Each structure stands twice: as structure tokens, then as C-alpha cells.
Engineer: 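The following block contains the structure, expressed as C-alpha cells.
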Amino acid sequence: MTERRQSIHGEWSSRLAFILAATGSAVGLGNIWKFPYITGEYGGGAFVLVYLACIAVIGIPIMMAEVMIGRRGRQSPVNTMRTLATEEGHNPLWQYLGWAGVLSGFLILSFYSVVAGWAMAYVPRVASGMFTGTSPEKVASIFGDLIGDPERLLAWHTLFMGLTMIVVSRGVRSGLEQAVRILMPALFLLLVILVGYSLSAADFASGVRFLFAPDFSKLSWEGVLVAMGHAFFTLSLGMGAIMVYGSYLPSHASIAKTTIIIAGADTLVALLAGLAIFPLVFSHGLTPGAGPGLIFQTLPIAFGQMWGGAFFGFLFFILLSFAAWTSAISLIEPIVAWLVENRGLSRIKATVWAGGITWALGLGSLLSLNLWQDFKIIKWGILDFVDKLTTNVMLPLGGLAIAIFAAWIMSRESTEDELAIENPLFYQLWRFFVRYITPVAVVVVFLNAIGVIQVGKG
Ligand code: PHE
């Protein structure tokens, strides 16, 4: 066993703290905003099945790899990759994988913050009873008015980035750990209440059928790519967020077990969100393929009609904002850690730099909803384009490279030592997955989606 490194940024106080923080990173807008709307756009059941398969076959092995690499290197992803590559006798250029992750982090947070702003903007709206007893059309127009107003969006985007920067600047341990401890279970509970509402007051059976009865004729290779991209996005993989959190993980904690808990919790939240939303969609004659506005146009209908809806709605959007917040901080932590390590900046200064850049980038996404509506990249507005580029291309490629790093660059001894899995069979299984299955799966999905090869259906 080699000498263990120490992180200059500190460590989580316990394994539980890591689980909470990583779950906080994983559970976010991806689960509650994105999962339902892409499931709606890509046809339901079959898409969900592919997504679940991607979590199991690609997500969990890569999450283990990221945590393992992070803890082995105990530095920001850029420095960790450089140190480990050199140590294993390979090219230090692997550090550029860390840089690609930093870029993904900036880009993701730039639009993430705008959407988190929508969630925050809904807090006073639902609380004031604006949705009480209103029609689905009115609910849709309230959403339209919000995203059409650049000044309001700017205020919320700025507030969200400010909040994110406050937590990041204080360091991971104080504040954050405490917050997720209470907020995650509360969010979970509220989702269960909403599922209960859908069960009693909406067309639950249609919702369940849409989510779980696979109709493969509705699934295209593009849908498979989106499902795979989303598996990376929702588990915060492929850009170094989980890696940097892993670098603060105490040495004795079991990586395999914690990873399974985190992935399980994340998946459960997404499925609950789907079960809360789709029954409402069907009983109000809305379309499941409504796109990014879906949850902002469906859930308020429920809140407008259910007993205590203004209160539950208020709680829901607060919790959604918190879920987004605990994800956002993990998106800039890799670059903040690097700035502290290599530029000798204080955490506060590093955060101001990273947050400032993200805020400015976010203006593009924000304006693409209103003033720059007609500006398209290929066929998408800036927000959609950046979302698709990061989720469907950058994260899977980052994940692929991470799998290669863990399985082909790092020696068997190092990974075996760091993962410390008691059952040798499980270790073998993990290694087999990251060596062969995961990389091949990612490449096959890519090649099919861009039409280079055609395996099976298209
Ligand atoms: N996992 C987060 C979500 O589902 C988003 C995220 C992606 C966070 C990548 C960190 C890194 O909302």
C-alpha cells in the first residue's frame, strides 16, 4: 500500500457527509426538470429503460472510477490527472482531461443557473396564490411571461450565482453538509406527497404506462444518445465534479457501496418526479413533449387545485432551488480547487473568478429565451445548444476518457488498492466493465447517433 496523500482543502467529516454531498450534486434540475421533459420528448417507457440501463452499465462503474481517481490524487481533477498519469509512467498531458471537465463545468453551470432562476422565480408566484384555480393555459402564460422578460431572469440568475458563490467560497464543509442533511430528505418527502396527489386526483394509470411500458418503435438512436447523456448529467459524471468530491473522501470509506447508494437515490428521485408529473400531463390534456417548460406548466396546475397547494408549491420550488444549489457548487468546485492549488488564490478570490465567468456566460443562455430568440446555432437557441453539447457530447466523451484512464492508464495494483473491494469478484466485474463494456457502449451509441454505423433499429 502506498503512502496516502492528504488534500490541502480538507476532508468530509464522514462517509455519510460524502454521500450527502455527492447526492446533493447528483440530485438537481436534472432529475426534476430535465428527466421528465426529455422522457416526454423521446417517447416514454423505452427511453426510461435505456436510461436505467445506462445508469447501471455506464454510470455506476464510471462513478466508482471518478471517486477512486479523486481520492487517489487528492487534488483538483487537473492536478490529480497529471500526478497520477506521471506516477503510473504515462504522459502528463492527461491533465487536459481535467481541463475539458473545467470547460464543461463552466458551460453547464451557465445555463443551469438560468433554469434554477426559473425555479426560484416560482417560489413567490406559487406562494402568492397566483396559480390557485387557474386554467392550464393561464399557467402556461405565466411561464411564458417569465422567460420572455430578460430583466427578471437576470435578477434571478444573478441571485442564484451569488448564492452558489457564497457556499463555494466558504469551503465544502461548513454550511453545505448541514444543508443537504435536512433538505434532501425534505425534497424526497414532498415528491412523495406530489405522487400521492397524482395518484388520487390525476390519471395515474396513463402516467405509469407512459413511463414504464416500453414502446421501442418510439425510440431512435438519438433518443439512446440522449438517455446516455442524461445518465452522465444526472449522476454529475464526466467533468470532474464527483472526482473532486472524491478527493475529499476519508480513506477508509468504501467506494463501491457509497456509489450504489448515491446512484440509487438519484434514480429514485427522477422516477418519483416522473410519477408526479405525467399523470397530470395526461389528465389535463397537455402534451408530454412540451420541452423545457414542462414542469413549470404542469406541477402548478396541481398546486392550483390541491388542498394547501400554495403552501406545498412554495415548499416544492424552494426545495427544487436548493437541489439546484447543491448541484451548482459541484460544477465550479474543480476549477476553484485548481485556482487555490496552482495560483495560490484564496478560496474567496478563486470563487469570484469562477463564478464571474459563469455568470457572464449565462447571459447568452438567458437572452436566447427572449431578445436573441432568433439567433440559432445549427437549429438551437444558445441555452438548448449548450445543454445538448455538454450533456450529449462533452460529458460522455469525458466519461469515456475517465474510464480509459481508470482501466488502462492506472495500474491494476493502484485501482485495487484504492477501491479496496472485499469481494475479488466484484473488483473483477468493475474492471471488466470500465475496460470493455463502458467504452464500447459509449462509442457504439455515438457512432449510431451520428449515423456512421447502424446497429439494429434506427
Ligand atoms: N447532476 C446534476 C443534476 O442532475 C447536474 C450536474 C451535472 C452537476 C454535472 C454536476 C456536474 O441536476
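In this text the structure is predicted, and so the values were computed from the model without any measurement. As a basis for the values below, the full set of heavy atoms in this structure was taken, side chains included, without hydrogen atoms, waters or symmetry mates. Counting starts at 1 for both ligands and their atoms, in listed order. Positions are given from 1, in the same order as the sequence printed here.
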Engineer: Please list, by chain and number, the protein residues whose heavy atoms come under 4.0 Å of ligand 1.
Structural biologist: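 Only Ser25, Ala26, Gly28, Leu29, Gly30, Asn31, Tyr112, Phe233, Thr234, Ser236, Met239, Ala241, Ser327, Ser330, Leu331 have heavy atoms that fall under 4.0 Å of ligand 1, ordered by chain and number.
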Engineer: Give the C-alpha distance, both sets of side-chain angles, the deciding distance and a yes or no for side-chain contact (heavy atoms from CB on, under 4.5 Å) between Trp325 and Leu183.
Structural biologist: CA-CA 11 Å; Trp325 193 18; Leu183 296 170; 5.6 Å; no
Engineer: Assess, by modelled atom type and distance only, whether the side chains of Asp149 and Asn370 contain a donor and an acceptor separated by less than 3.5 Å.
Structural biologist: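 On atom types as modelled, these side chains do not qualify, holding no pair under 3.5 Å.
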Engineer: Taking the ring centre of each residue, are Tyr51 and Phe35 less than 6.0 Å apart?
Structural biologist: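 So the answer is yes for these two rings.
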Engineer: State, yes or no, whether a side-chain contact exists between Tyr42 and Lys218 at a heavy-atom distance under 4.5 Å.
Structural biologist: no
Engineer: Does any donor atom in the side chain of Ser251 or Arg74 lie under 3.5 Å from an acceptor atom in the other side chain?
Structural biologist: yes
Engineer: Determine whether Ser330 and Val244 make a side-chain contact, defined as any pair of heavy atoms from C-beta on separated by less than 4.5 Å.
Structural biologist: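 Heavy-atom side-chain distance check fails, nothing below 4.5 Å.
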